[in-house]
Amino acid sequence: MSDDLVFGLYIFALATFVGYQVISRVPPLLHTPLMSGTNAISGISLVGSLVAAGGKHDLTSSILGFVAVTAASINVVGGFMITDRMLRMFNKKKSPALPPAAAAGAKRPVKTA
Amino acid sequence: MSDDLVFGLYIFALATFVGYQVISRVPPLLHTPLMSGTNAISGISLVGSLVAAGGKHDLTSSILGFVAVTAASINVVGGFMITDRMLRMFNKKKSPALPPAAAAGAKRPVKTA
Amino acid sequence: MREQFISLAYLVASILFIMCLRGLSSPEQGRRGIFLGELGMLIAVVATLFKAEIITFEWIIAGLLLGSLIGTAISLRIPMTQMPERIALSHAFGGLATSLVGVAEYHRVRDIAAQLATDAITVAQAGHGMTRLEMGSLGFEVFLGSLTFTGSLMAFGKLQGFITGAPVTWKGQNLMNFGAFGGAIVLLVYQVIFLADAPQWMFFTMCGTGFSLGVLAVLPIGGADMPVVISLLNSYAGLAACATGFALRSNILIISGALDGSSGLLLSLLMSKAMNRSFANVLFGAFGTGDSGGVTAPGAGPARAFNDATIEDAAAVLAASQTVIIVPGYGMAVSQAQHAVRDLAAALEKNGTEVKYAIHPVAGRMPGHMNVLLAEANVPYDALFDLDMINDDFARTDAVIVVGANDVVNPGAKTDTKSPIYGMPVFNVEQARSVIVLKRSMNTGFAGVENELFFLPNTMMVLGDAKKTLISLFGAVKGDGH
Amino acid sequence: MREQFISLAYLVASILFIMCLRGLSSPEQGRRGIFLGELGMLIAVVATLFKAEIITFEWIIAGLLLGSLIGTAISLRIPMTQMPERIALSHAFGGLATSLVGVAEYHRVRDIAAQLATDAITVAQAGHGMTRLEMGSLGFEVFLGSLTFTGSLMAFGKLQGFITGAPVTWKGQNLMNFGAFGGAIVLLVYQVIFLADAPQWMFFTMCGTGFSLGVLAVLPIGGADMPVVISLLNSYAGLAACATGFALRSNILIISGALDGSSGLLLSLLMSKAMNRSFANVLFGAFGTGDSGGVTAPGAGPARAFNDATIEDAAAVLAASQTVIIVPGYGMAVSQAQHAVRDLAAALEKNGTEVKYAIHPVAGRMPGHMNVLLAEANVPYDALFDLDMINDDFARTDAVIVVGANDVVNPGAKTDTKSPIYGMPVFNVEQARSVIVLKRSMNTGFAGVENELFFLPNTMMVLGDAKKTLISLFGAVKGDGH
Ligand SMILES: NC(=O)c1ccc[n+]([C@@H]2O[C@H](COP(=O)([O-])OP(=O)(O)OC[C@H]3O[C@@H](n4cnc5c(N)ncnc54)[C@H](OP(=O)(O)O)[C@@H]3O)[C@@H](O)[C@H]2O)c1
Ligand SMILES: NC(=O)c1ccc[n+]([C@@H]2O[C@H](COP(=O)([O-])OP(=O)(O)OC[C@H]3O[C@@H](n4cnc5c(N)ncnc54)[C@H](OP(=O)(O)O)[C@@H]3O)[C@@H](O)[C@H]2O)c1
């Protein structure tokens, strides 16, 4: 059992706590953006791919790395763009299409019999 | 700048996040137990004290260590005992002294004019 | 020194990623959060380019450019209704990347070992050989990565319909899958023990097993269960990233992997809980057929009488209603009816009717599916109410419009103990004065169970594509006939 | 290998500590949480005893025994009303321990360095010398530890009244403190640069500066501000623990330190926010006098007319009330009246009166102070309501009993822009039909400001020790006169 393993386990355990707590605070309203957001973040495997692609070990490595970089950056770019596009759509105030009166009415479940 | 420093910073940053999130979920109701609870946990400096006290480097170290061990274990033992004593006092159901009717009444702020 | 600065940069990036997810706890802070995430990613990438191991840049630049192009193209052209597909696809990319990184690293290390054996290079040049930790995590990474890759492709296929949504099952299927899984583990253990002395075919066999397991494991799962599968694969991808982190001693990979993993796990738990099904049931239950209506419900038999209503009937009811609740479902996504819904609601509100939306946690095919679609049609999110907030209001409501929802409005879930969705919380729509259901046929929904609601006296079935129906309803309500 | 197992054990312990604090998010899980915390501590201690550095056990055992004895004694004998004092004291112990560990380590390392210089031992025996990181964190640890030690002792003294609660101030005080602080930093930097070549007196001077700063920094702070100071010292103690962790390469110390630190910081922020004061104002504002009444408010001058009521008057009002809200404050703690309060409430409820408790976030002298006291008198916590939950109910309430509260029921905080507590959220007690205030005199409370409430026509002042008054009230309400 190496120091690296133990260190890694510390990071892993703490990060899992953080992750669990942060995610469980995300409301259902934003679960789809959450999915594509984490997706973009998972594109961090880009870091590993870059090393492989730039390692100049031999052609095989470079090509493998190249494909990896491509795939990962699709996720990063795509993920962040879509998530942002989604979040831009969520707005609180009524759209002009609807009269303000209705907006007020819709603010909370009105208990009218 | 050493690896140890960087690594320590990772642990510190993550632990701070965890701490911040966990603590902010504690209701005011339990803030006093929280204070004495963290107090007990801070007694973990015991770990450092033990090494100093058991190091057999020279008498000075041993005595310093001894005092440290004493002080730290006061916190650990005292802290956990008091916190538990406090938490034992918090109970939801009405005490026999009060009629059940009142208990029901007290469940939530009753809006009686 | 440089190494330490790089890993400090990674620390900053990791913190930014955490802030990014924290931002998603409210729509207001969401975009700021995403910005922080992008910043973190930028920092991480730039820092990486300073690594000593990186010598040439042409492959890197090519990859980054190509990837960004494709990424942009996809994200600009994909309609919101295709989100589940898109997410499945990007999990596939993620899995692929992880697994390839693993293979490349393995290839490099083995090469060095070989050269060392033939004295082509000195130990000094070789640097430290492969440790057990590295071998173990590499194996893990490649296996999980490959599995995620093919698994997500399968999920994508099933959602798109390239591959039949129906569960493909055969005898001893689970046994076979578990066998393959066990085999891969055995191979991994052997390699961890013997390191460079283990034959390379073992590594690639293990990798191949991962690829095939991804396919085999998803085949028996119904198309409509794909969302759960996707979230689960998401958490596998997270684990794979963590493994990469262990292999390459990179904390940022471990942290992001953990974030990713916990999100995937939490969402899939949420879904199976809301459908009240166990993981086991989702993964091995061969349940759900994807294309609604595929399953003919037991109670169906000879067509039963139901209240087949016209646009005019529905419009009349709506005109007479003070309070209306709209319950969207998967059908709204299929017919892309979100804008039509918004217009109808606006028209009703102009007539002084109060309109609210009831959003079920598992309406649609993905968590938050309905919310995104309605947000796209720019319905303000404070007009959307979830189960416990609105369920008592139905009894006090004049009319409910069910737009392509089925299971989430099935009263059987409350009463019929034999129903497969018994116990799943549903909306009490049947308590409303009158219920208008928009769907194409009397077919069943995702769960493939008959819905008594459709046969209740106070229910009007307006059959046809939801979007078309809504547009005509809009016309009728506006009073200009259409 | 052994080392790794130990640090795995530490990981488990750290996780248990986190679970422990998570448990405190609800009274039901609280005790289970504490149990996990104890378990974690046990694991950590046992694991430590396996460390190779530990050779002899007599000092350890002696210390553990003595510490446990004292700890048990304190925790069994301390009354709940003394909590703030107790917490201050244990911060002092914590600070002492941290600082001594630092000194011992420094002593050891310097010794080795010396022996090495005189060739008394070989480099091999010496092991690695002191690194800059170690020196830096050691210095930090010792400085913060000493500061926490004396600072907490001062806080304890001020709360107990050994030391005058009044702010002790003189010209150029802050300047002097900052000077001392700066000096310590300079010394530390010098030592970090020159390591073993730096003279030892520097280290001990730095340590001494810490001790004196603890005293000097707390002197100018009013006794009633001690809770904020204590929480702040709590977060310093946390930082010190983190520093120890860096010095001894011990993650568990870093983690626990971070948990401790964030808790201290959050609580002190909460307090100063609820009192709407800035940190700066608390630390350098020389505000608050501790013994309520010490400050005579500006508007006091000649005694103003107020409605001086007897027990009987109050009892009559209570007898005629359907709804009663009890607002406890610091005075309840001073007179230990929590049980008397509980009895009176019980008597009232027997007469069919509905009784609720309104708990202000900063009532008393410590976060959650009132909650603990009432819990001790076993008042169920679901009868306690905080500010935003109950503040609208006062207008609909027949009678409010203010038990030794003052600032938290001061309407001036809402209206009088010149009042030092202007903007601090307070209870709208004055809106109740009648208000019964139990306190010993017309003196001011913590903030030292006059309270208009006491002069309102619908307010009855029943002067005297809260406990005594409540007991007689109880008698009067039960109707057996006495
Ligand atoms: N949200 C999630 O995360 C998630 C994940 C996994 C599974 N699920 C499951 O998915 C289901 C969701 O329930 P749901 O009520 O939203 O959907 P549903 O039960 O699947 O029913 C959808 C209905 O929409 C109708 N429809 C389809 N296309 C239409 C069109 N173009 N126009 C009008 N109607 C159309 C279909 O009836 P016709 O064919 O007659 O038109 C079908 O009955 C639940 O059972 C849930 O457990 C959800
Ligand atoms: N809770 C916290 O965390 C915290 C921390 C720091 C500061 N503070 C501050 O402390 C204050 C708390 O407000 P508070 O209303 O609870 O207390 P307060 O404003 O300090 O008033 C307490 C009152 O109790 C009365 N009293 C004292 N001993 C008594 C006895 N034996 N019998 C009856 N009455 C007695 C005193 O009046 P007599 O002398 O006339 O009897 C005094 O006016 C706030 O200003 C808050 O900002 C709170």
Side-chain angles (χ1 to χ4, degrees), chain A residues 2 5 8 11-12 15-16 19-20 22-23 25-26 28-32 34-35 38-39 41-42 44-45 47-57 61-62 64-66 68-75 77-78 80-84 87 89-90 92 94-95 97-98 102 105-106 109 113, chain C residues 17 21-22 24-25 27 30-31 34 38 41 48 53-56 59-60 63-64 66-68 70-71 74-75 87 90 93-94 96-98 100-101 104 108 133 237 244 246 251 254-256 258-260 262-263 266 346 349 354 361 367-368 371-372 375-376 378 380-383 390 393 396:
Chain A
S2 73
L5 174 61
I11 301 284
F12 179 69
T16 310
Y20 175 81
V22 173
I23 305 290
R25 285 182 51 218
V26 177
L29 176 71
L30 295 180
H31 274 165
T32 305
L34 172 64
M35 285 176 102
T38 48
N39 226 276
I41 291 180
S42 74
I44 189 65
S45 50
V47 167
S49 329
L50 290 172
V51 175
K56 207 185 182 88
H57 172 68
S61 311
S62 306
L64 288 172
F66 164 73
V69 171
T70 314
S73 40
I74 292 179
N75 275 0
V77 176
F80 280 126
M81 283 182 72
I82 291 202
T83 315
D84 192 57
L87 289 169
M89 301 186 318
F90 284 92
K92 192 175 200 122
K94 277 277 176 185
S95 62
L98 309 177
Chain C
F17 290 160
L21 293 182
R22 284 180 69 88
L24 288 178
S25 55
R31 293 195 63 195
I34 293 303
E38 291 164 343
M41 192 59 75
T48 312
E53 299 94 312
I54 296 189
I55 308 154
T56 62
W59 291 103
I60 294 181
L64 284 175
L66 183 57
S68 314
I70 303 178
I74 294 182
S75 57
I87 288 174
S90 56
F93 290 133
L96 181 64
T98 336
L100 289 185
V101 172
R108 195 181 60 79
L133 172 61
T244 322
F246 277 97
N251 294 333
I254 299 183
I255 295 176
S256 324
L259 294 177
D260 206 18
S262 32
S263 133
L266 278 170
E349 287 179 322
E354 184 216 327
N371 306 85
V372 181
E376 185 192 15
N378 99 59
Y381 58 79
D382 48 17
I390 204 169
D393 296 7
R396 286 190 238 81

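Below, read A as the first sequence line, B as the second, and so on, with proteins coming before strands; counting in each chain starts at 1.
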Hey, which of Val69(A), Val77(A), Asn75(A) has the most heavy atom pairs under 4.5 Å with chain C? Asn75(A)
Against chain A, label [X] side chain, backbone, both or neither, depending on which of its atoms sit under 4.5 Å from a heavy atom there.
X: Thr244(C); value: neither
X: Leu64(C); value: both
X: Phe246(C); value: side chain
X: Pro27(C); value: both
X: Leu66(C); value: both

Sequence-distant partners of Ser90(C), side chain to side chain donor-acceptor pair (under 3.5 Å), two or more places apart: Asn39(A)
Kindly indicate, with the supporting measurements, whether the criterion side-chain contact (heavy atoms from CB on, under 4.5 Å) is fulfilled by Leu259(C) and Ile23(A). CA-CA 8 Å; Leu259(C) 294 177; Ile23(A) 305 290; 5.9 Å; no
Check the pair Met41(C) / Ile44(A) against side-chain contact (heavy atoms from CB on, under 4.5 Å), numbers first and verdict last. CA-CA 7 Å; Met41(C) 192 59 75; Ile44(A) 189 65; 3.9 Å; yes
Go through it in stages, so that I can follow the logic: the residues are Thr48(C) and Val51(A), the test is side-chain contact (heavy atoms from CB on, under 4.5 Å), and I'd like the CA-CA distance, side-chain angles, deciding distance and then a yes or no. CA-CA 8 Å; Thr48(C) 312; Val51(A) 175; 4.2 Å; yes
Steps toward side-chain contact (heavy atoms from CB on, under 4.5 Å) verdict (Val26(A), Leu266(C)): CA-CA 11 Å; Val26(A) 177; Leu266(C) 278 170; over 6 Å; no
Short question: side chain of Thr32(A), backbone of Gly368(C) - any donor-acceptor pair under 3.5 Å?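 Answer holds: yes.
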Top contributor to chain A interface from Ser256(C), Ala104(C), Ala97(C) [non-hydrogen pairs under 4.5 Å]: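 The answer is Ala97(C).
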For Phe66(A), enumerate each residue passing the ring-ring contact (aromatic ring centres under 6.0 Å, His included) test, keeping only those at least two apart in sequence or located in another chain.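 Partners of Phe66(A) by the ring-ring contact (aromatic ring centres under 6.0 Å, His included) criterion, ordered by chain and then number, come out as Trp59(C).
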